[in-house]
Amino acid sequence: MSDKAAAVGSKRLRLRHREKNIDSERSGIRQQRPQFAFALLLFGIVNSLDMAISVMLMFLVDQALAGNYAAARNSLLVIVIIFVLVIPLELLNIFVFSHYIKSTMLGMRTKFLHKVLKLDLHSFNQRGSSVFYSHISNDFNTLESNDIEARYRIATQFIRAFTALAVLAYINILILLLLLVVAAIFLLVANVTGKMLQKHEEERSKLLHGYTSYIREILTAFRLVKSSNLEKRSAAEFGRKSASVQQKGYIIDKVATNIDYVLNLFLYSIILGAMLLVIYLAGLGYLSAGYVVLVINSIGSIIQPLAEAMERIPLFQGARQIWRSIDESLQPLEQEVEETEPFSCLAENIEFREVSFAYEETPVLRGLNLKFEKGRKYLLIGPSGGGKSTILRLLRKYISPDTGELLIDNINLDTIQIEEYLRQIANVEQHVFLFEDSLRNNLTLYKDYSEAEIEGAIEAAGLSGFVAKQPCGLEQMIFDNGRNISGGEKARIAIARSLLRQSDILLLDEAFASLDDEIAKSIEKRLLGLEGVTVIQVSHVVFPETIELYDHVFEIVQGNAR
Ligand code: ADP
């Protein structure tokens, strides 16, 4: 059973949100405002030059039709000059825009990860890693297209439409009024339809979280799936989950397509009406032929931006929900008991006083009384399911007692600051995590130790032979969580790590399970000889040669110590 699940099961960890002072992740976009503004400015210039070409074309048509060829030639020259100017500016615009996307996404992902790393352990355990994993993969990708890029596209499309409208209006105010009414109605409708999509996007994001967490589970348990012939079952479950995600995507697409269809129809009818009106006015001699050319040229600059904005605005609004769920996941959860007590080292003892604990409805510890004195060595044995690992989880502060007290030097562990406390604890668990880095960094965990200290820990953990075998010694790279390293070697790396930390309290959970007896015995002897270190070891492997070295052996049966 995972520790996350254990934490969820703990009644004491029913936590509330601290809603105050939410520094929205969206603020990351604000930091890139200068780049955003610069990209828009460049777009504005390019767009104005494009519009100037349309206006010059209007003059060119009117001049040519009036037989004024000298003026027409000059207009043509101006058109060519503007055209040449536009090319480099447009390239620069694309470059600045790509850079804006890149730095915004990079900044946001980095900031997000920093915030996740700053979260306290309780808040992280309560949510589980897959929530964050899903945010950083699925949600940030959606936000890149539906928000970061969309806000630029929407802004540029508005600039484009308004420039075209302004130029047309400058020449004829009536057309402006007409088109403004169209734009206002259109924006209103797009806003309403956006809200219809928002709900579906919210549900899709939730489905994606479940989906990602399932994929992770399958990949993590790949070996188990293969060895237990679970492929069919896993594939079926995967099919079910992906079907619901796909179905939601399909519904969203369907709703979005319907919305697009109706709005486009509405928009095109009005634009068509406007064009007919312009042609009618030209027929009456109220507008010039050049102006009709200008309107026909500009109509694309009005329809296309409005249509594109119409597609993007609902998605952009849907992104709000994603931001909210990212922000929420980064909020520390409030504990029932405030952790106010500092912790520097264990001075006297650790005491379980009448401790009871249940996972949901399964009682595990029932009024447990236990005392561990500083510097002494303890072995916890007993039948499987008796509650030994639960005792270690309580000591690691992954969970806390339902009733009774867990006291460290007579201070309730619930009130001790978790980060300071965990710094003094060395943990050797069955599942050892290895970073994709050198063996040295995996042992030191990026802290500074002298070569002698490192050598000492390697020797004590029985790793000397393993290190000597590596072509690059301590600088040997470890890949993919130690794919080529045996379980026993991993356990010894974990033991060496804990020895290097020189912690006050050493907790071992079946650390010797994958070691040869001889190696296990020699490591155990070294650990039991550590002066001043309180060792609490859970093991089903008991050697007659070493059992004598423990100060006390507790047998844990049905949540009580004997
Ligand atoms: P031991 O280490 O002695 O084998 P544990 O402390 O791991 O025992 O487990 C004690 C009991 O609690 C077992 O019955 C186990 O199934 C149950 N248990 C352990 N972890 C969880 C959990 N996260 N959620 C629900 N039940 C759990």
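Computed from a prediction, not measured in an experiment: that's the story for all the values here. Just so you know, ligand 1 is whichever comes first in the structure, and atom 1 is the first atom listed for that ligand.
The structure places CD1 of I495 at 6.5 Å from CG of L508, a figure rounded to the nearest 0.5 Å. Taken to the nearest 0.5 Å, the OH atom of Y378 stands 12.5 Å off from the CG atom of L528. From E351, atom CD reaches atom CD of E405 across 9.0 Å, with rounding to the nearest 0.5 Å. Within the model, atoms CD of Q424 and CZ of F343 stand 6.0 Å from one another, a figure rounded to the nearest 0.5 Å.
Of all the heavy atoms of T390, the ones lying under 4.0 Å from any atom of ligand 1 are found in both the backbone and the side chain.
Looking at E451 and R440, a side-chain N of the basic residue comes within less than 4.0 Å of a carboxylate O on the acidic one, giving a salt bridge. Note on E237 versus R240: salt bridge recorded, some NZ/NE/NH1/NH2 to OD/OE distance being below 4.0 Å.
Listed by number with element, the atoms of ligand 1 under 4.0 angstrom from any heavy atom of R393 are 19 (C), 20 (N). Close contacts between ligand 1 and S389 involve ligand atoms 1 (P), 2 (O), 6 (O), 7 (O) [criterion: under 4.0 Å to a heavy atom]. Taking a cut-off of under 4.0 Å to the non-hydrogen atoms of K388, the atoms of ligand 1 that pass are 1 (P), 2 (O), 3 (O), 4 (O), 6 (O), 8 (O). Shown in contact with G386 at under 4.0 Å from a heavy atom are these atoms of ligand 1, numbered in order with element: 1 (P), 3 (O), 8 (O). Heavy-atom contacts of S384 reach the following atoms of ligand 1: 4 (O) (cutoff under 4.0 Å).
Proximity annotation for atom 18 (N) of ligand 1: of Y398, F357, Y359, Y359 comes nearest, heavy atoms only.
Checked against a 3.5 angstrom limit, the closest N/O atoms of G387 and ligand 1 fall inside it.
The main-chain N or O of Q558 is found under 3.5 Å from a side-chain atom of R366 such that the two form a donor-acceptor pair.
Between T362 and ligand 1 there is no heavy-atom distance shorter than 4.0 Å.
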